[in-house]
Number of protein chains: 2
Amino acid sequence: MPPLNALRAFEAAARTGSYVAAAEEMGVSSAAISQHIRKLEDYLGKQMFLRLNNRIVLTDAGHAIFDGAAVGLQLISEVTEQLVLDRSRSRLVVSAIESVAERWVIPRLTSYSRSCPEFRFDLRVEPDPVDFARHNIDLRIAYNPTHYPEHAIVPLEHDVVLPLCSPEYLERNPAVRDHGMAMVPGDDLLHTSWGPSFASHPTWHDWFVKAKLSPHLATKGFQASNSRVALDLAGQGIGVALGQRMMALDDMAAGRLVALSDITIDLGHSYCLVYPRAKKRKRHLAELIDWFTRADTPSDS
Amino acid sequence: MPPLNALRAFEAAARTGSYVAAAEEMGVSSAAISQHIRKLEDYLGKQMFLRLNNRIVLTDAGHAIFDGAAVGLQLISEVTEQLVLDRSRSRLVVSAIESVAERWVIPRLTSYSRSCPEFRFDLRVEPDPVDFARHNIDLRIAYNPTHYPEHAIVPLEHDVVLPLCSPEYLERNPAVRDHGMAMVPGDDLLHTSWGPSFASHPTWHDWFVKAKLSPHLATKGFQASNSRVALDLAGQGIGVALGQRMMALDDMAAGRLVALSDITIDLGHSYCLVYPRAKKRKRHLAELIDWFTRADTPSDS
DNA sequence: ACAGTGCATAAGTTTTTCTTAGGCAGCGTA
DNA sequence: TACGCTGCCTAAGAAAAACTTATGCACTGT
């Protein structure tokens, strides 16, 4: 394989007929072009150009190499610039932590997309921290903003947890329906294993203490591996989850989950939107941020 | 245009499915491949591979880039390797100084070529010194061997100059035909402007002194810009040239030029064949050298 | 449990690329 | 004819890229 940068310099010089023009095109000095072409000629063992004092003319060997190189380089350029172009069109790269992706981000992205049919996005579900520059991320829904001190932060609502269950559960438990949390059996409690990414790890014990109810109820019940699983199980009517209100908004609006109490416990951080300040003006970004931060944003479900 | 070396590394990794295999193919470490691919991904803003612990799988974007890059790079490789291959086949690059090219080298190359129909050569006519490595020269017919101390030297005959004219001239000058140089009018002498590349610059004056004839005859006549022009003019019957015997061999053999005297003056250097020792075994080279050094080598004219 | 494998990255070294400067040889113009 | 301008060539030094080794990580196979 020939030296590819030298070949590129040669192609530019052959096409333009001038080292100086090739240098301008490639953003280097004409001396650099000259050295590249010499290197290519050494590799090939043939002169690519006839030098007529301060003019160059392609030799037969130069023509042969130029024809092939021009096509090959053009193909490479097209296929890679196409990808670069695709990503710079009105499409956004949205990255979210897993806990917020399915129940919060996807519905809102979907509803925004329906309001702007030409809008396209890449959605990536990945843990904190992420590398904005490397992965070309436009917007990140994060839980811990301290990972991104150099970017713009737009806080979302400060999430809390509260007791949630399904109507079906209530129908099967009239005492709970009529008298609230005080009547929930300990065995019906859904406990959440908060992962290390959460700033706090609220437990049923915490909640009962705050509610001034007997904490002894809080040692029994189900164990869910994460917050999302807890909500899913609650939605199935199995029991009562100390669930994230933000994740449950749509289910609550649709009547699939109901809150058994208004007493909530804060999670340590707010979810927030993070974006590089330089991308402020990118198409759809500001609109999407606004869409996400409206309290009354309709979701699609 | 993407970073081409990174693209090449990516193509090898994609094709082989492994950084380690790509590294072996390219003769670098797997860390180098990894860094190249990261650079490409940063440029394109997309991951090319999905990393599955210690395995890699192309993403959709990776497939799109790979398809184009593979074709482009293959084209480039083929067209350049073809040239490299062409030059390594049984063809020789023969370089000669101008004074010896037309009347000595070309006839002998032609006759050798006729005896070996598959033989092909590049003949370059250029002054001393030449760059063997850079221009991939196999054989050089040089005048001054001191330019090439590191190469093998095969001396050709030690050239001399002597009085030459055409039969037509003699027919028009019976006195010269019958009594030789003593009867040549000064006005019929062809003087040669020897260029700086000749080690000596013999004049008619020198010749007459050596011949013990009156030197006063040697200030008149024609002026030829170089040795070849002088021979051409002599061949046209204009006058008598102090011409190079070596260059005149074929004309003499054909009867187009005749020597008016056996008295000669040495030129400072011999013509010689020069070749890089490493190329000794290259096909046709030894045969051609032998062909050139045979005293009785037939020429084609 | 442990050895082996392959990718990722840091840090330092080596190589390549690039720069500026000066040379050369022609061309066009006064 | 003299001179300014142009573009290619190359040397030498600076900057950038490429490469190395070493180490870490997470898996696989025994």
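Each chain gets a letter, A, B and so on, in the order the sequences are listed, and its residues count up from 1. Predicted model, so just to flag it, every value in this text is computed and none were measured.
A:I37 places its CD1 atom 10 Å from the C1' atom of D:dC8, with the value rounded to the nearest Å. The distance from atom OH of A:Y43 to atom P of C:dT16 is 14 Å, rounded to the nearest whole Å. Rounded to whole Å, the distance from CG on A:L52 to C1' on D:dC8 is 11 Å. At whole-Å resolution of the value, CD1 in B:I56 and C1' in C:dG6 are 10 Å apart. Spacing between atom CG of B:D42 and atom P of C:dA8 amounts to 12 Å, rounded to whole angstrom units. In this structure, the CD1 atom of A:I33 is 10 Å from the P atom of D:dC8, given to the nearest Å. Remark: P of C:dG6 and CG of B:L50 are 18 Å apart, rounded to the nearest angstrom. Regarding B:M48, its CE atom lies at a distance of 17 Å from the P atom of C:dC7, rounded to whole Å.
Considering only residues two or more places apart in sequence or on other chains, A:Y275 meets the side chain to side chain donor-acceptor pair (under 3.5 Å) condition with none of them. Listed by chain and number, the residues in a side-chain contact (heavy atoms from CB on, under 4.5 Å) with B:E41 are A:R134, B:I37, B:Q47, B:M48, B:R51 (sequence neighbours excluded). Every residue meeting the side-chain contact (heavy atoms from CB on, under 4.5 Å) condition with A:A9, not counting sequence neighbours, appears here in chain and number order: A:M26, A:I33, A:H36. For A:T80, the side chain to side chain donor-acceptor pair (under 3.5 Å) test picks out no residue, with sequence neighbours left out. In terms of the side chain to side chain donor-acceptor pair (under 3.5 Å) criterion, residue partners of B:Q74 (sequence neighbours excluded) are, by chain and number, B:E78. For B:R55, there are no side chain to side chain donor-acceptor pair (under 3.5 Å) partners at least two apart in sequence or on another chain.
Residue pairs meeting the side chain to side chain donor-acceptor pair (under 3.5 Å) criterion with at least one member in residues 3-17 of chain A, sequence neighbours excluded: A:E11-A:R15, A:R15-A:E25. Under the salt bridge (charged side-chain N to carboxylate O under 4.0 Å, His left out) criterion, the residue pairs touching residues 271-281 of chain A are A:D138-A:K279, with sequence neighbours excluded.
In terms of heavy atoms, A:S30 sits closest to A:A23 at N-CB, 3.5 Å.
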Just the table, please: protein N/O against nucleotides 24-29 of chain D N/O, every pair under 3.5 Å.
unit_1, atom_1, unit_2, atom_2, d
D:dA26, O3', B:N53, OD1, 2.9

Identify all pairs in which a protein N or O lies below 3.5 Å from an N or O of nucleotides 14-17 of chain D, and state each distance.
none

Name the pairs: protein N/O against N/O of nucleotides 19-22 of chain C, kept only if under 3.5 Å.
unit_1, atom_1, unit_2, atom_2, d
C:dT19, OP2, A:S29, N, 2.4
C:dT19, OP2, A:S29, OG, 2.8
C:dT19, O4, A:Q35, NE2, 2.8

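In this structure, A:F49 and A:F10 have tilted ring planes: the angle between them lies in the 30° to 60° band.
A centroid separation of less than 6.0 Å is found between the aromatic rings of B:F292 and B:W104.
If you check the side chains of B:Y19 and B:E24, you find no donor sitting under 3.5 Å from an acceptor.
Near DNA chain C, meaning a heavy atom under 4.0 Å from it, residues 7-20 of chain A has no residue at all.
The shortest distance between the side-chain N/O atoms of A:R38 and the OP1/OP2 oxygens of D:dC9 is not below 4.0 Å.
In this structure, B:D159 contributes its side chain and B:L267 its backbone to no donor-acceptor pair below 3.5 Å.
Residues A:I56 and A:L50 are not in side-chain contact: their nearest non-hydrogen atoms beyond the backbone lie 4.5 Å or more apart.
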